[in-house]
Trainee: 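Structure incoming, see below.
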Amino acid sequence: DCDEFRIRRCERPPEGTLPVAPTGPRLLSVVAGTVRVETRLGVERYRAGGNVLLPSDTACEARAESAATVLITDGLSGG
C-alpha cells in the first residue's frame with residue numbers, strides 16, 4: 001500500500017474467486033495460470049502475461065480457471 005494505490009498478490013486454486021474491489025479503476029495482471037473475468041459486456045479469459053483494466057463503472061467477477069497468481073492494483077487516487 002501507498003498513498004496513491006495498492007498492489008495485492010493473490011494466489012487462488014481452480015474456481016477460486018479473486019477479491020476484486022467493486023468500484024474504482026482496477027488492473028488485474030495475471031502472473032500464472034488462467035483467469036476468467038465476467039463483466040456486463042461478456043466473459044474474457046486471460047493467461048499468464050495478460051492484463052485487464054477495469055474502469056470505475058465496470059462491475060466484474062473474476063475467478064481462477066486453473067491455479068492462478070494475480071496482481072490486483074486498486075485504490076487508485078486521482079492525485
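FYI, side chains are in, hydrogens and waters are out, and symmetry mates aren't considered; it's all heavy atoms of this structure. Everything quoted here is computed from the prediction, not taken from an experiment.
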Trainee: For P55, is there any backbone N or O sitting under 3.5 Å from a side-chain donor or acceptor partner on R26?
Mentor: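 A pair under 3.5 Å: yes.
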Trainee: Report yes or no: does R63 contribute a side-chain atom to a donor-acceptor pair with the main-chain N or O of E15 at less than 3.5 Å?
Mentor: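 Yes, the answer is positive, given that a donor and an acceptor are paired below the 3.5 Å cut-off.
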Trainee: Could you please spell out the steps behind the side chain to side chain contact (heavy atoms under 4.5 Å, CB included) verdict for V37 and L28?
Mentor: CA-CA 10 Å; V37 177; L28 305 182; 4.0 Å; yes
Trainee: Between R8 (side chain only) and R6 (backbone N and O only), is there a donor and an acceptor less than 3.5 Å apart?
Mentor: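 A pair under 3.5 Å: no.
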Trainee: State, yes or no, whether a side-chain contact exists between L18 and V35 at a heavy-atom distance under 4.5 Å.
Mentor: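 L18 vs V35: side chains touch.
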Trainee: List for me each residue that meets side chain to side chain contact (heavy atoms under 4.5 Å, CB included) alongside A64, sequence neighbours excluded, and say none if there are none.
Mentor: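 Only R12, A68 meet the side chain to side chain contact (heavy atoms under 4.5 Å, CB included) criterion with A64.
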Trainee: Atom OG1 of T69 and atom CZ of R9: how far apart are they, to the nearest 0.5 Å?
Mentor: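 One gets 5.0 Å once the value is rounded to the nearest 0.5 Å.
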Trainee: Can you tell me how far CD1 of I7 sits from OG1 of T73, rounded to the nearest 0.5 angstrom?
Mentor: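 If I round to the nearest 0.5 Å, the distance is 4.0 Å.
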Trainee: Does the side chain of T39 come within less than 4.5 Å of L54's, by heavy atoms?
Mentor: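 A side-chain contact under 4.5 Å exists here.
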Trainee: Treating Ile, Leu, Val, Met, Phe, Trp and Tyr as nodes and any side-chain heavy-atom pair under 4.5 angstrom as an edge, say whether I72 and L76 lie in one connected cluster.
Mentor: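 In one cluster: no.
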Trainee: Is there side-chain contact between P25 and D74, with heavy atoms separated by less than 4.5 Å?
Mentor: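 A side-chain contact is absent here, since even the closest heavy-atom pair is not under 4.5 Å.
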Trainee: Answer with yes or no whether the hydrophobic clustering places L27 together with V20; edges join I, L, V, M, F, W, Y residues whose side-chain heavy atoms lie under 4.5 Å apart.
Mentor: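 No, L27 does not connect to V20 through the hydrophobic network.
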Trainee: Enumerate the side chain to side chain donor-acceptor pair (under 3.5 Å) contacts for residues 42-55, please, sequence neighbours excluded, ordered by first and then second residue.
Mentor: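 The answer is S29-N51, R45-E65.
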Trainee: So, for A48 and V31, which heavy atoms are closest and what is the spacing to 0.1 Å?
Mentor: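 Between these two residues, the closest heavy atoms are CB-O, 3.4 Å.
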